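Quick notes on the structure that follows.
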Amino acid sequence: MAQVSEKEILDTLESIIDPDRGKNIVSLGMVSGLQAKDGHVAFAIEVDAERGPALEPLRQAAEKAVHGLPGVISASVVLTAERPPAPAAAPPPGAPHPPGAPRPADAPLMPGVKAIVAVASGKGGVGKSTTAVNLALALAKDGRQVGILDADIFGPSIPRMLGIPGRPNSTDGAKLDPMENHGVKCMSMGFLVDEETPVIWRGPMVMSALEQMMRDVAWGELDVVVVDMPPGTGDTQLTMSQRVPLAGAVIVSTPQDIALADARKGLNMFRKVDVPVFGLIENMSYFVCPHCGERTEIFSHGGARREAERLGADFLGEIPLDIAIRETSDSGRPIVIDQPDGPHAEAYRKIAEKIWRNIDAGAAAEGPKIVIQ
Ligand code: ADP
């Protein structure tokens with residue numbers, strides 16, 4: 001298929017008129033960050049923050065126009081604002097949702113997905129992605145249909161950990177097909193942008209990309225999707241926990257106090273938006289020397305269990321620091337797949353079963369949905 005050029009895209013966008021200023025968005029210099037690669041097009045429309053909500057139709061029109069060009073498989077258009085909105089202004093897209101108001105998720109983002117579980121951490125580098133991947137793979141046993149959504153827009157690591165190269169296709173020309181390996185489906189920004197291209201996006205763009213990875217991907221019927229959340233507890237994470245209809249969240253921490261302080265923030269963030277916290281996982285819990293078998297508690301041990309007790313949350317289990325866990329996920333065959341009969345796979349499976357029981361309990365508590373016509 002012929003590759004679409006930047007000129008063709010810009011020519012098309014000249015038909016999109018800013019309703020307030022009466023000129024097209026190209027001549028007004030509103031189009032920025034245009035990327036077109038292998039039929040995947042992405043760009044931003046720069047607007048004043050306070051105009052953001054009113055310009056959603058403009059964003060959609062631009063997306064539709066570009067999507068209609070020959071050779072375009074996906075079009076991701078986001079509104080982005082340089083300046084924060086005035087305090088009294090309506091919330092920009094991506095702003096925290098007022099409690100009690102209907103969520104945008106009213107139009108389900110992933111209609112065939114029965115449960116979405118977030119794997120989060122208060123800070124980066126604690127092994128959140130490694131844990132998310134191994135748990136997804138452990139959940140996929142006994143015929144469960146599982147997906148993993150890499151919401152770490154700025155540092156997507158799931159494609160490498162699942163050993164999936166390449167880019168997604170679109171079978172129906174409308175939605176992207178998720179990528180798949182080791183029996184789990186997966187979508188990640190890592191498939192859509194170059195590894196060398198640093199992704200420097202502002203909050204609303206991140207939300208929009210994330211929503212597209214849910215709405216515009218043919219996830220199909222799945223029992224559970226594990227979301228590898230971005231690290232930290234900033235606004236993006238908070239917004240996301242509100243916009244994604246989460247069945248629950250698990251928090252990964254290393255045992256030392258400093259990491260636990262961040263884990264506590266993570267837990268409080270989910271509680272603030274009424275997302276059930278299924279519990280804490282202690283990663284890099286202890287180290288067993290491969291030579292002499294001696295156990296060393298590098299970051300001390302048991303901190304997450306104690307913290308969970310203090311916070312009234314469940315402790316889901318501990319995973320040791322082991323070079324095999326790093327090597328296997330670096331090589332695209334996480335330890336649950338590579339050494340399914342080993343103790344680490346067993347540890348992940350046990351945690352996965354606890355998570356599954358929590359999902360089941362949540363679904364049962366909601367009860368059957370009765371529709372009165
Ligand atoms: P995060 O998602 O929290 O930033 P990652 O999952 O990317 O963290 O892990 C950071 C690094 O630590 C990776 O190189 C990963 O392979 C390694 N790692 C994670 N958990 C373990 C573990 N239990 N034992 C050994 N290495 C680990």
Side-chain angles (χ1 to χ4, degrees), residues 96-97 99-122 128 131-149 151 184-185 210-211 213-215 219-229 233 237-253 263-282 304-305 307-309 311-317 347-371:
H97 206 64
R103 295 179 181 211
D106 287 349
L109 289 168
M110 297 194 270
V113 174
K114 294 201 187 96
I116 307 174
V117 175
V119 177
S121 67
K128 170 185 52 62
T131 308
V133 163
N134 278 296
L135 288 178
L137 293 166
L139 279 166
K141 78 177 195 36
D142 298 336
R144 270 179 222 141
Q145 301 298 315
V146 177
I148 179 158
L149 170 62
V184 299
K185 291 182 175 172
L210 210 61
E211 279 198 25
M213 287 202 285
M214 294 189 274
R215 200 189 302 279
W219 287 102
E221 301 286 321
L222 294 178
D223 294 305
V224 53
V225 164
V226 174
V227 183
D228 182 19
M229 291 279 283
T233 50
Q237 285 82 356
L238 184 63
T239 309
M240 222 188 101
S241 350
Q242 291 174 297
R243 294 270 277 265
V244 179
L246 295 172
V250 299
I251 293 166
V252 181
S253 180
R264 205 174 305 142
K265 281 191 214 154
L267 188 131
N268 286 332
M269 179 186 82
F270 287 113
R271 286 190 171 163
K272 201 162 148 186
V273 290
D274 294 329
V275 170
V277 175
F278 291 162
L280 263 64
I281 299 170
E282 184 164 289
R305 183 188 290 275
E307 192 63 30
E309 267 168 29
L311 295 168
D314 279 346
F315 180 67
L316 298 174
Y348 282 117
R349 273 197 300 271
K350 277 196 174 140
I351 298 173
E353 285 317 308
K354 286 187 188 165
I355 293 173
W356 185 251
R357 281 203 294 275
N358 270 292
I359 295 173
D360 257 358
E366 268 184 21
K369 293 201 170 52
I370 300 168
V371 182

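No hydrogens, no waters, no symmetry mates; every other heavy atom, side chains included, goes into these values. Quantities reported herein were computed from a predicted structural model and do not represent experimental measurements.
- Take Lys265 and apply the side-chain contact (heavy atoms from CB on, under 4.5 Å) test, not counting sequence neighbours, and it matches Thr233, Asp262.
- A distance of 10.5 Å separates CZ of Arg305 from CG of Leu316, quoted to the nearest 0.5 Å.
- Partners of Lys128 under the salt bridge (Lys or Arg N to Asp or Glu O under 4.0 Å) rule, at least two apart in sequence or in another chain, are Asp152, Asp228.
- Few gaps surround CZ on Arg271; more than 12 heavy atoms of other groups in view lie less than 6.0 Å from it.
- For the pair Leu280 and Ala308, the tightest heavy-atom approach, listed with the atom from each and the gap, is CD2-N, 4.1 Å.
- Once rounded to the nearest 0.5 Å, the distance linking CD of Glu353 with CD1 of Ile355 reads 9.5 Å.
- Under the 4.5 Å side-chain criterion, counting only non-hydrogen atoms from C-beta, Val184 is not in contact with Val133.
- With sequence neighbours excluded, no residue satisfies salt bridge (Lys or Arg N to Asp or Glu O under 4.0 Å) with Glu309.
- Considering every non-hydrogen atom in both Ala132 and Val226, the closest pair reads O-CG1, 3.9 Å.
- With Trp219 contributing its side chain and Met213 its backbone, the two residues share a donor-acceptor pair below 3.5 Å.
- Taken to the nearest 0.5 Å, the CD1 atom of Ile281 stands 6.0 Å off from the OG1 atom of Thr131.
- With respect to the salt-bridge test (charged N to carboxylate O, under 4.0 angstrom), the residues Glu307 and Arg264 qualify.
- Screening Leu137, Val224, Leu222 for a side-chain contact (heavy atoms from CB on, under 4.5 Å) involving Val146 leaves a single residue, Val224.
- Of all heavy-atom pairs spanning Leu135 and Tyr348, the tightest one is CD2-O, 3.5 Å.
- Lys141 NZ: more than 12 foreign heavy atoms inside a 6.0 Å radius.
- Here CG of Leu149 is found 6.0 Å from CG of Leu210. Values are rounded to the nearest 0.5 Å.
- Scored by the salt bridge (Lys or Arg N to Asp or Glu O under 4.0 Å) test, Asp223 finds Lys114 as partners (sequence neighbours excluded).
- Interatomic distance, Phe315 CZ to Lys354 NZ, rounded to the nearest 0.5 Å: 7.5 Å.
- Side-chain atoms of Arg144 come within 3.5 Å of backbone atoms of Leu139 as a donor-acceptor pair (strictly under, hydrogens ignored).
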Determine whether Val225 and Met110 satisfy the following criterion, side chain to side chain contact (heavy atoms under 4.5 Å, CB included), listing intermediate values before the conclusion.
CA-CA 10 Å; Val225 164; Met110 297 194 270; 4.3 Å; yes
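- Nearest heavy atoms, Met229 versus Phe270: CE-CZ, 4.1 Å.
- Every salt bridge (Lys or Arg N to Asp or Glu O under 4.0 Å) that Arg349 has, sequence neighbours left out, goes to Glu346.
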Taking only distance into account, with no hydrogens and no angle test, what donor-acceptor pairs under 3.5 Å do side-chain atoms of residues 244-252 form with protein atoms, sequence neighbours excluded?
none

